[in-house]
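Encoded as structure tokens, the structure appears first; notes follow it.
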Amino acid sequence: MRSGMIPIHLDTDATRTLQDQLYDKLRGAILTGSLQPGTSLPSSRLLASELKVSRNTVTLAFERLINEGYLKTKIGSGTYVSDPVPESCVAIQAHDKAGQTGGRHANRPSMVRHPSIRMKMDSLRMIQDGPNRTRIDFWYGNANARNFPAREWRQLLVENVSRIAKNISGYGAPEGAPELREAIARHVSANRAIPTHPDQVIITAGAQEGLNLISRLFVEPSARIVVEDPCYKGAALVFKSYGGTLLPIPVDGNGMCTHLLAGCGASLAYVTPSHQFPTGATMNAARRIELLRWAETTGAYIIEDDYDSDFRYDGPPLPALAGLEQNTSVLYLGTFSKSIGAGIRTGFLVVPRQLIEPMREAKSLANYGHPWIEQILLADFIGQGRFTRHLRRIRHAYGLARATLVNGLADTFGPMQVVGAEAGMHIMWTLPEHFPSVDQTVAIGESVGVGLYTLAAIGAHEIAPSRYPRALFLGYGSLAPESISKGLARLARGLRSAGFEPKPARTNGIPRRQGAVREAERDREHI
Ligand SMILES: Cc1ncc(COP(=O)(O)O)c(C=O)c1O
């Protein structure tokens, strides 16, 4: 079978399905540039008739490419190759260019292709102008805009307006405004049990700048860095961009398998112990101790990325690594991206005392400091107790969303395997056996206006062959409970019309999170 418009040959005798073959061919043509960004594709009906395959085959291949960002649809005018092309394509082009120019930076990936940002932008674009304006998107990364404390923010802005001129007419302290560093030190000491002096706090442009500052100090071409496998791509690519070599250590239900650290020769380890990214596992206490001992005996530093630990639903969190040690080997990475919103671009580092000066210097070299006004509003927000109240409020909202999602999955699809529901704003859901593959499920979701994400699409970096081939990652932070229920119902409908029975749950014996909704409702009474 062959298409006249695009040279596509499909092999009916091959073991790969026609849909998979078509997906491969189109993706390959985009990657090699045979299909240029902006090129219009034939309609699914036309292409199906040219290739002599069912229209469903073409539609599902298109949906998958749309979901991964290779294709876009414009209402009323068809399907196009995305412009710009997604991260993976840019990666290949950037790598080719680096190879041609050679030199010291030849093998460093271009920072232009920050994966999570691209993906966030792609998913945002899909939300804004996607095929369905009421698309229900289970993207994990966004805070709910409705939770932003706009009224309080405006009030703080008014209160501080008379101080702006004086404070922005010159440079501030590169390590951050003293008011904010003090407020964060108090917050972290009280909430994460990390005894913190304000001098140890460095204000950064999100966790991402923290990772860059750490890399500036510790990562050089000979550096070996332990990462969880899978891990956050935003971190892995920064380490690689400084020439570091990644040493992947697998994770299981108790976090990183720390017994594999012995003799690895790494000088740095990057971990997400509170809510492993992306699997959602919590590192247990024994492994925390083992990791700290390893760092102590080898002289390595640990980066503790505590990106979503503000949200813990079932009991108190395990103490942060940085609080277990006398903080001599842990660099603690905090962010306001989840609690307030990623657009605030404010995060912080808490560093061991011996690293205060080197880190201040690194921050000065990078950008001389963070914008004053953002810092001062945040300092007042935290210092006046508003942040604590805000957290209590949104923890309740996210708790309710989480209960709706977890219970809804069990009710709609039967017995289920979910990891990471105790904390954060996303869960890992291993698809039940009666479901199609993850890619097909994503495509079916897309066809009914539901955004679902695989491990690769969520911005995870995986080094060993995937141990999560049937996992989807569902974020619930930016969705109202009603939207979550509607999204699950749509997915069930989509599955049914694609010929898969969603298998509704029995009322008894389902591993439902008993009482989760009730708990969330009870909490509400305390707000
Ligand atoms: C594992 C992890 N770390 C950190 C962040 C936050 O990064 P930033 O503070 O730069 O927005 C994210 C964001 O989604 C994340 O998933």
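As the structure is a prediction and not an experimental result, all values here were calculated from the model. Start at 1 and go down the list; that is how both ligands and their atoms are numbered.
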Under 4.0 Å from any heavy atom of Gly206, which atoms of ligand 1 are there?
9 (O), 10 (O)
Does Gln208, backbone or side chain, put an N or O under 3.5 Å from an N or O of ligand 1?
yes
Is Phe336 near ligand 1, meaning one of its heavy atoms is under 4.0 Å from it?
no
Determine whether any heavy atom of Arg345 lies closer than 4.0 Å to an atom of ligand 1.
yes
For the aromatic rings, using the six-membered ring if either is Trp, is the centroid distance between Phe381 and His390 under 6.0 Å?
yes
How about Tyr140 and Phe277: are their ring centres within less than 6.0 Å of each other?
yes
Close-contact set for ligand 1 against Tyr140 heavy atoms, below 4.0 Å
13 (C), 14 (O), 15 (C), 16 (O)
For Arg467, is the CZ atom crowded, meaning more than 12 foreign heavy atoms sit under 6.0 Å from it?
yes
At less than 4.0 angstrom from any non-hydrogen atom of Lys338, what atoms of ligand 1 do you find?
13 (C), 14 (O)
Checking side chain to side chain contact (heavy atoms under 4.5 Å, CB included) for the pair Phe435/Gln440: CA distance, chi angles, key distance, verdict?
CA-CA 9 Å; Phe435 267 49; Gln440 276 174 302; over 6 Å; no
What residues form a salt bridge (charged side-chain N to carboxylate O under 4.0 Å, His left out) with Glu290, not counting sequence neighbours?
none
Checking contacts here: is it the side chain or the backbone of Ser337 that comes within 4.0 Å of ligand 1, counting heavy atoms only? Could be both or neither.
side chain
I'd like to know whether the aromatic ring centres of Tyr242 and Phe218 sit less than 6.0 Å apart in this structure.
no
With sequence neighbours left out, the residues meeting side chain to side chain contact (heavy atoms under 4.5 Å, CB included) with Ala205 are Glu209, His370
Contact atoms of ligand 1, heavy-atom distance to Phe277 under 4.0 Å
1 (C), 16 (O)
So, is Ala205 polar-close to ligand 1, with some N/O to N/O distance under 3.5 Å?
no
I want to confirm something. Looking only at heavy atoms, which of Ile458, Ile344, Thr335 is nearest to atom 9 (O) of ligand 1?
Thr335
If you count the atoms of ligand 1 from 1 in the order shown, which ones are under 4.0 Å from a heavy atom of Asp305?
1 (C), 2 (C), 3 (N), 4 (C)
From Ser339 atom OG to Ile394 atom CD1, the distance as rounded to the nearest 0.5 Å
6.0 Å
